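The analysis underlying the following values was restricted to heavy atoms, covering all of them including side chains, and did not include hydrogens, waters or symmetry mates. Keep in mind the model is a prediction, meaning the values are calculated, not measured. Both counts, for ligands and for their atoms, begin at 1 and track the order of listing.
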Amino acid sequence: MDKIEFKQTFIERLAELYAMEVSDATPIELYQTLGSIVSTTYTKQWSKSWQDYRDTKQKQVYYFSIEFLPGKMLKSNLLNMGWLEIVEEALSELGIKLDDLIEIEPDMALGNGGLGRLASCFMDSIASQSLPGNGNGIRYRYGLFKQRFVDGHQVELPDEWLPKGNIWEVRKDSKAVDVHFGGSVHLEEHHGRLKPVYHGGYTVRAVPYDTGMVGYKNGTVNTMRLWDVAIPAEEEEHYRSIEDRRMVEELTSVLYPDDSNEAGRKLRLSQEYFFVSAGVQSILRYYKNLHLPLEQISRYIAIHINDTHPAMCIAEFMRLLVDQENLKWEKAWRLTLQVMSYTNHTIMAEALEKWSIEMMQDVCPRIYQIIEEIDRRFVEEMSTFHNQGLIQRTRIIQDGQIHMAHLAILGSHSTNGVAKIHSDLLKNVILNDFYVLYPSRFNNKTNGIAQRRWSQLANPAMTKVLNQTIGDSWHRTPTDLHLLMNFTEDDEVLEQLAAAKLENKKRLAAYIKEHKGIEVSPEAIFDVQIKRLHAYKRQLMNLMHILKLYFELKNDPKRDIHPRVFIFGAKAAPSYHYAKAIIKAINETANLINHDPDIQDKIKVVFLENYNVSLAEKIIPAAEVSEQISLATKEASGTSNMKLMLNGALTIATLDGANIEIREAVGEENIVTFGLTEKEVYRYYQEQNYRSLEWYHNDPVIQRILNAFIDGTIPNIVNEGKQIFDSLIQYHDEFFVLRDFADYCRAQEIINQLYQDSRRWNQISLINIANAGIFSADNTVERYAEDIWQIRPNPSSQLGGAAQHD
Ligand code: CJB
């Protein structure tokens, strides 16, 4: 479509939809019009993609995830369709600013953080690589809460995103399936086989809403299928009371706002079974329509379990094969192993899901029976194994609880971690017992990011410089960013990149001014920590360093530091009081420092509210320092580290997660690392000889800083300050903040020094961009496709499955 054609279509569509002319239409009407043109256009390719998959019987993967975090989709759809520039220009000729329309779209925030965002990055890359792959999840009516600060405290407001209209989804009543909950099940003999007989319980209808996942300029449009709940018409009489109806509606009402620790609640388990059962049933229905033998299903279908939340896929698949399709258990089990694969995203014990037997029996009794049988057979099969202690430790059911990670590992052919160090820890420490039993199941797949969103969409200024310098092959082949390494000594390119960064910083400064009323200088270093608020991510250590600088400047206002703006973005789980205390402490410190005339604007602290995908797109292009400071071993991978690197920020990092691979990629001189290593952390655990109190007593700087939390230096944090202080002293500083603090300050001083040499800084920035290509999710999903899912690019995609340059 060219510009003239587009303008014509736009004017016509606006008239069709609203009987209006451009000059009369509101931004919402204009947005809806544009969205309608975009979606009706890709719909043709959407049907072609799934028809191709069906007609040529291509193997497809289904990515089951309880969270998807796509953010806004208008601009990324335009980019992937190859329309972005034309549309922007055409609209501008009609007197419309594309950016104003983009603002209208609500962020689709059906995820908490890294895990959900990764799922969406994968959806983009799977489509962009012409891979036959679909998402399967829940259509929550309320996404992740909106965060507001009131007197520095986090307050959570509901995220009502649907009433504003979601132009991308298509409801498909004809594809609905029923999901049965509760009641009881007993087994009866039927033609020589045991068959389940259900008593009581209730049935709900799962209705899919499909969203097209548009691939990058390749004609592929895949499906993200999110399930909503409805009461089946024929079951109406069972749902007479308001209570009963509410119970059903609740199923897809809210996303649990905790990204790592769900306190075993029944509703959560019901949500898990709901989207698992709906998804697996619809896959099987599709497969049966292909009229292929059931025994061959693993040649055509792969199911991926994203963290343990969808681990019941294994038992549900067994249920359908055995109860419904009458397959023998052994055969069904073999197929299940071949079809299923699992990703682990964390080693934090509290995030490893466990459910009580009673609760699972209550929610899905047949699934419980099947898990019990899987467990029984595992123990039986392993009865001659020399180490029976190991078998007891790896069982699914232990001490009245069902261990979902055990189910996921024992019931699948692949378990992967999300960065080298994380996968090694799984093999050697956390899941070592399983590794001993099934070494070939374990593998690593380092995370990746949707490269184009985090560069072309978020950072047009940098993109322009890159395109002029190295051409645009990196759009499709992100490792071509490496061509930039030819320009490390090219002053013009270095300066152009620096100018792009400055432009982005000015934009962010304006945003900060508008939203926080804080004046920040674009000449200052923009230092960024954006991620969920967690003790292990150590936002507290960042705050302590800020306080250190503050006290130094108070003592000596002439102290020579380059002005720095410390920018935070982070939501805390509503029930995570410690994390909320840290938010309050950061906000109060910001108030204190930002208004202190002695500081002369040398440091500013900005905590931006409601960190989400859209805000990340504003912050990341302007960032110069990327704070990746988790305690070594605790951050499985991290993905903001990759996004910030791609945008030319220098990483200050512990040797944790993917930071280690970033260091390998850029070289030691282009990253600043500090802190305990994995080995040192484990030595402390073994020898149990970390005494945080000693670090407090022996270090006057630490003393001064920690006292500030309890002596009124930081105002209005009587309770929060005490909680923080106690966590470090009385509760022994679980994440070694005091132990790593001095080394962190040393690393920060290196950054301060490096920044004085702007040429060197610009080189580091360029080298980071140049080496970010390997962290593209395009690359990551290709590895999944080849090693785990065994799926191939659609041969009849416009690219013929092969990577081509634009
Ligand atoms: N992660 O966001 C979550 N939620 C969890 O419950 C467990 C882990 C994060 O997943 C990301 C994607 O793999 C990782 O990069 C990150 O380190 C991890 O904390």
Decide whether an N or O pair under 3.5 Å exists between V418 and ligand 1.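 In fact, backbone or side chain, V418 has no N or O that close.
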Return a yes/no value for S637: is any of its N or O atoms, backbone included, closer than 3.5 angstrom to an N or O of ligand 1?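 Min N/O separation from ligand 1 is below 3.5 Å for S637.
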Angle between ring planes, [X] versus [Y], binned at 30° and 60°: parallel, tilted or perpendicular?
X    : Y    : result
W789 : Y63  : perpendicular
H534 : Y536 : tilted
Y744 : H545 : perpendicular

Just which atoms of ligand 1 are under 4.0 Å from any heavy atom in [X]?
X    : result
A636 : 17 (O)
G638 : 14 (C), 15 (O), 16 (C), 17 (O)
Y536 : 19 (O)

Using side-chain contact (heavy atoms from CB on, under 4.5 Å) as the criterion, point out the one residue from I138, L255, D307, N306 that pairs with E67.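 Testing E67 for a side-chain contact (heavy atoms from CB on, under 4.5 Å) against I138, L255, D307, N306 leaves exactly one candidate, L255.
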Taking heavy atoms and a distance under 4.0 Å, where does N447 meet ligand 1: side chain, backbone, both or neither?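 N447 to ligand 1: side-chain contact only, backbone stays beyond 4.0 Å.
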Hey, does G657 sit under 4.0 Å from ligand 1 if you only count heavy atoms?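 No heavy atom of G657 comes that close to ligand 1.
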Considering only heavy atoms, which of [options] lies nearest to [atom]?
atom                    : options                : value
atom 19 (O) of ligand 1 : K531, E635, E67, K537  : E635
atom 11 (C) of ligand 1 : G417, G116, G114       : G114
atom 10 (O) of ligand 1 : D656, L115, D307, L352 : L115

Kindly state whether the ring of F64 and the ring of H309 have centres lying under 6.0 angstrom apart.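 Ring-ring flag for F64/H309: false, centres at least 6.0 Å apart.
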Side-chain contact, heavy-atom cut-off 4.5 Å: L425 with K427?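 The answer is no, as the side chains (C-beta and beyond) never meet within the 4.5 Å cut-off.
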Should I671 and I662 count as side-chain neighbours, where that means a heavy-atom distance under 4.5 Å?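 Of all side-chain heavy-atom pairs linking I662 with I671, at least one is under 4.5 Å.
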